[in-house]
Peer 1: 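Have a look at this one.
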Amino acid sequence: MSEQPCDSSAPTLFTWEFASDPYPAYAWLREHAPVHRTTLPSGVDAWLVTRYADARKALADPRLSKNPQRHSAAAHAKGKVGIPGERRAELMTHLLNIDPPDHTRLRRLVSKAFTPRRVAAFTPRVQTLTDQLIDAFEERGEADLIHEFAFPLPIYAICDLLGVPREDQDDFRDWAGAMIRHGGGPRGGVARAVKRIRAYLGELIHRKRLELAERGEEEDGEDLISGLIRASDHGEHLTENEAAAMAFILLFAGFETTVNLIGNGVYALLRHPEQRALMQRALEEGDERLLAAGVEELLRYDGPVEIATWRFATEPLTLAGQPIAAGEPVLVVLAAADRDPERFAEPDVLDLTRRDNQHLGYGHGIHYCLGAPLARLEAQTAIATLLRRLPGLRLAEDPDDLRWRGGLIMRGLRTLPVTWNSADG
């Protein structure tokens with residue numbers, strides 16, 4: 001790694017205490033070491049970019065590759081960068097791991113299947129799933145909103161969208177649970193779950209290819225995997241490995257981010273009763289504008305993706321005056337950038353009416369999150385329905401007793417116990 005002067009006053013990163021509230025540490029880094037070298041819990045050395053302006057530039061810098069093979073060390077071969085198990089499962093050829101021109105080709109093909117129209121048509125199904133989940137615990141007067149609501153909603157939604165048969169969706173829920181437990185599950189559990197998902201997706205894609213061949217003409221309302229198979233650009237199609245990798249990353253990126261967006265968002269509203277009351281009044285009056293703006297502010301304030309996925313310098317470069325050698329990993333800290341006082345007024349204040357809110361929660365540049373419309377739909381539906389149906393919702397535990405998941409990329413609560421008067425539902 002390039003050398004950086006040691007500062008004994010630098011905060012300690014990646015501890016349990018840090019996970020509970022990383023924002024003071026990020027504030028120190030923004031001020032004193034905006035591009036900071038650190039050793040990650042995995043043992044990999046990387047640079048953390050924490051200021052908004054630097055982060056935005058880095059996210060769009062073509063000299064920062066998404067391909068793990070650009071890493072100067074062999075850590076990528078040991079599963080220390082990227083998603084554990086994806087290499088062995090032949091799931092590397094997805095949008096988070098490739099650069100132009102391959103990225104341009106794949107994104108264009110996937111965009112033909114994953115359209116705003118397809119997402120918009122999915123709105124009634126998301127509402128139905130949301131109501132069914134609340135129905136299951138409403139009369140009880142208490143629930144863990146992570147395990148009983150924020151987790152199953154995006155799993156079942158993305159399964160429906162992909163075209164996973166209902167009888168197989170509980171298996172997906174189990175595999176997804178293994179993937180987000182990270183260090184909390186059995187050793188190798190993530191890699192095994194990835195392997196099972198890959199095998200299942202291969203079988204499902206094969207079946208759908210046969211069905212499409214028999215059916216012939218495209219039909220309205222087809223699922224997303226069928227759309228991926230059909231997607232064509234000047235005669236080019238996704239290969240089976242590419243289709244499986246894209247379905248996998250839509251599942252992986254599409255559920256854990258939404259779990260955390262809903263969980264973190266509801267938690268923030270419960271910790272800020274005046275903002276929650278503002279949202280509830282707007283919903284009671286039928287004004288949906290604050291809901292849309294409010295979800296964007298929840299994304300900025302305590303978003304689901306703490307650190308953007310891996311990037312690697314393809315040549316020697318300088319970020320904010322800090323030299324970085326070719327092959328070194330660069331991690332853009334979205335959580336730090338989105339609380340930068342140089343970009344946002346009173347960044348540590350949750351303000352659902354914030355207008356100038358160009359946060360980086362969905363990334364920036366050519367890797368801007370393809371699933372952002374679906375995440376917005378699920379979060380807006382989930383939060384609005386909870387507030388309407390359970391107006392007396394409140395935390396059932398002291399916030400200091402809640403635990404956050406350990407992990408590098410994602411930020412989310414392990415549990416969110418809540419209570420309400422069942423008669424209020």
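Note that this is a predicted model, so its numbers are computed, not measured.
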Peer 1: Would you confirm whether T104, through its side chain, and P100, through its main-chain N or O, come within 3.5 Å as a donor-acceptor pair?
Peer 2: no
Peer 1: Do you see a donor-acceptor pair shorter than 3.5 Å between the side chains of T415 and D144?
Peer 2: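 There is no such pair (donor and acceptor under 3.5 Å, judged by atom type) between the side chains of T415 and D144.
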Peer 1: Measure the CG-OH distance between L352 and Y301 for me, rounded to the nearest 0.5 Å.
Peer 2: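 Result: 11.0 Å between the selected atoms.
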Peer 1: Hey, does the side chain of R355 reach the backbone of T353 with a donor-acceptor pair shorter than 3.5 angstrom?
Peer 2: no
Peer 1: Examine distances only and state if a side-chain atom of T314 and a backbone atom of R63 form a donor-acceptor pair shorter than 3.5 Å.
Peer 2: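 Yes.
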Peer 1: Of all the heavy-atom pairs spanning A335 and Y23, show the shortest one and how long it is.
Peer 2: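 Taking A335 first and Y23 second, the nearest heavy atoms are O-CE2, 3.6 Å.
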Peer 1: Please tell me whether Q169 and R173 have a donor and an acceptor in their side chains that are separated by less than 3.5 angstrom.
Peer 2: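 No, because no side-chain N or O of Q169 sits under 3.5 Å from a partner of the opposite role on R173.
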Peer 1: Taking the side chain as everything from C-beta on, heavy atoms only, tell me whether L395 gets closer than 4.5 Å to L416.
Peer 2: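 Yes, at least one pair of side-chain atoms sits under 4.5 Å.
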Peer 1: Any side-chain heavy-atom pair from L59 and L334 closer than 4.5 angstrom?
Peer 2: yes
Peer 1: For T381 and E378, indicate whether the former's side chain and the latter's backbone hold a donor-acceptor pair under 3.5 Å.
Peer 2: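 Checked: no pair found.
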Peer 1: With rounding to the nearest 0.5 angstrom, report the CG to CZ distance, L109 to R107.
Peer 2: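 That separation rounds to 12.5 Å.
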Peer 1: Between P417 and E142, is there a side-chain heavy-atom distance shorter than 4.5 Å?
Peer 2: no
Peer 1: For the pair T257 and M410, evaluate side chain to side chain contact (heavy atoms under 4.5 Å, CB included) and give the outcome as yes or no after the intermediate values.
Peer 2: CA-CA 7 Å; T257 52; M410 302 293 184; 3.6 Å; yes
Peer 1: Do you know which two heavy atoms are closest between K66 and D99, and how far apart they sit?
Peer 2: N-OD1, 2.8 Å
Peer 1: What are the two closest heavy atoms between V259 and R405, and how far apart are they?
Peer 2: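 V259 and R405 have their closest heavy atoms at CG1-NH2, 4.3 Å.
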Peer 1: If you round to the nearest 0.5 Å, how far is CD of Q280 from CD of E285?
Peer 2: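 E285 CD to Q280 CD: 12.0 Å, rounded to 0.5 Å.
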Peer 1: Under 3.5 Å, sequence neighbours excluded: what are the donor-acceptor pairs made by side chains of residues 361-371?
Peer 2:
unit_1	atom_1	unit_2	atom_2	d
H367	ND1	L95	O	3.3
H367	ND1	H103	NE2	3.3

Peer 1: Quick one: closest heavy-atom pair of L238 and L228, and the distance?
Peer 2: CD1-O, 3.6 Å
Peer 1: Do P152 and L129 touch side chain to side chain, with heavy atoms closer than 4.5 Å?
Peer 2: no
Peer 1: State the CZ-CG distance between R389 and L387, to the nearest 0.5 angstrom.
Peer 2: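 Result: 12.5 Å between the selected atoms.
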Peer 1: Quick check: closest heavy atoms across V35 and L319, and the distance to 0.1 Å?
Peer 2: CG2-O, 3.5 Å
Peer 1: N260 and E256: side-chain donor and acceptor closer than 3.5 Å?
Peer 2: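 No, because no side-chain N or O of N260 sits under 3.5 Å from a partner of the opposite role on E256.
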Peer 1: Establish, from distance only, whether the side-chain atoms of Y52 and Q358 form a donor-acceptor pair under 3.5 Å.
Peer 2: no
Peer 1: Apply the test side chain to side chain contact (heavy atoms under 4.5 Å, CB included) to residues T115 and K112: give CA-CA distance (whole Å), side-chain angles for both, the deciding distance (0.1 Å), then the verdict.
Peer 2: CA-CA 6 Å; T115 61; K112 289 177 179 291; 5.8 Å; no
Peer 1: Nearest 0.5 Å, what's the CG-CZ distance between L402 and R414?
Peer 2: 12.0 Å
Peer 1: Answer whether the closest heavy-atom distance between the side chains of V332 and L64 falls below 4.5 Å.
Peer 2: no
Peer 1: Donor-acceptor pair, Q380 side chain versus A292 backbone, under 3.5 Å?
Peer 2: no
Peer 1: State whether the side chain of R411 and the backbone N or O of N264 hold a donor-acceptor pair below 3.5 Å, judged by distance alone.
Peer 2: no
Peer 1: Would a 4.5 Å heavy-atom cut-off, applied to side chains only, mark D338 and L299 as touching?
Peer 2: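 Heavy-atom side-chain distance check fails, nothing below 4.5 Å.
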Peer 1: Per the salt bridge (charged side-chain N to carboxylate O under 4.0 Å, His left out) rule, which among R118, R207, K208 passes with D223?
Peer 2: K208
Peer 1: What residues form a side chain to side chain contact (heavy atoms under 4.5 Å, CB included) with P347, not counting sequence neighbours?
Peer 2: R300, R339, P341, F344
Peer 1: Using the side chain to side chain contact (heavy atoms under 4.5 Å, CB included) rule, take L204 and V164 through it: C-alpha gap first, then chi angles, then the decisive distance, then the call.
Peer 2: CA-CA 8 Å; L204 186 62; V164 175; 4.1 Å; yes
Peer 1: Are D160 and R166 within salt-bridge range, i.e. N to O under 4.0 Å?
Peer 2: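 Between R166 and D160 there is a salt bridge, with a charged N closer than 4.0 Å to a carboxylate O.
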Peer 1: Of all heavy-atom pairs between T50 and R30, which one has the smallest distance, and what is that distance?
Peer 2: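 Shortest heavy-atom separation between T50 and R30 comes out as O-CG, 3.3 Å.
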Peer 1: Does any non-hydrogen side-chain atom of P373 lie less than 4.5 Å from one of F114?
Peer 2: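 When only atoms from C-beta onward are counted, P373 and F114 do not touch, as no gap falls below 4.5 Å.
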Peer 1: Quick check for you: to the nearest 0.5 Å, what is the distance between L210 atom CG and I205 atom CD1?
Peer 2: 12.0 Å
Peer 1: One pair to check against side chain to side chain contact (heavy atoms under 4.5 Å, CB included): Q69 and F312. What are the steps and the verdict?
Peer 2: CA-CA 9 Å; Q69 295 183 19; F312 307 90; over 6 Å; no
Peer 1: So, does H36 use its side chain to make a donor-acceptor pair with the main chain of V49 at under 3.5 Å?
Peer 2: no
Peer 1: With the threshold set at 4.0 Å, does a side-chain nitrogen-carboxylate oxygen contact exist between R281 and D287?
Peer 2: no
Peer 1: Can you find a heavy atom in the side chain of H359 that is under 4.5 Å from one in the side chain of E297?
Peer 2: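 Counting from C-beta outward, H359 and E297 never come under 4.5 Å.
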Peer 1: Can you pull the ring pair (Phe, Tyr, Trp, His ring centres under 6.0 Å) pairs that have at least one residue in residues 137-172, sequence neighbours excluded?
Peer 2: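 Non-adjacent pairs meeting ring pair (Phe, Tyr, Trp, His ring centres under 6.0 Å): F137-W420, F172-W175, F172-Y200.
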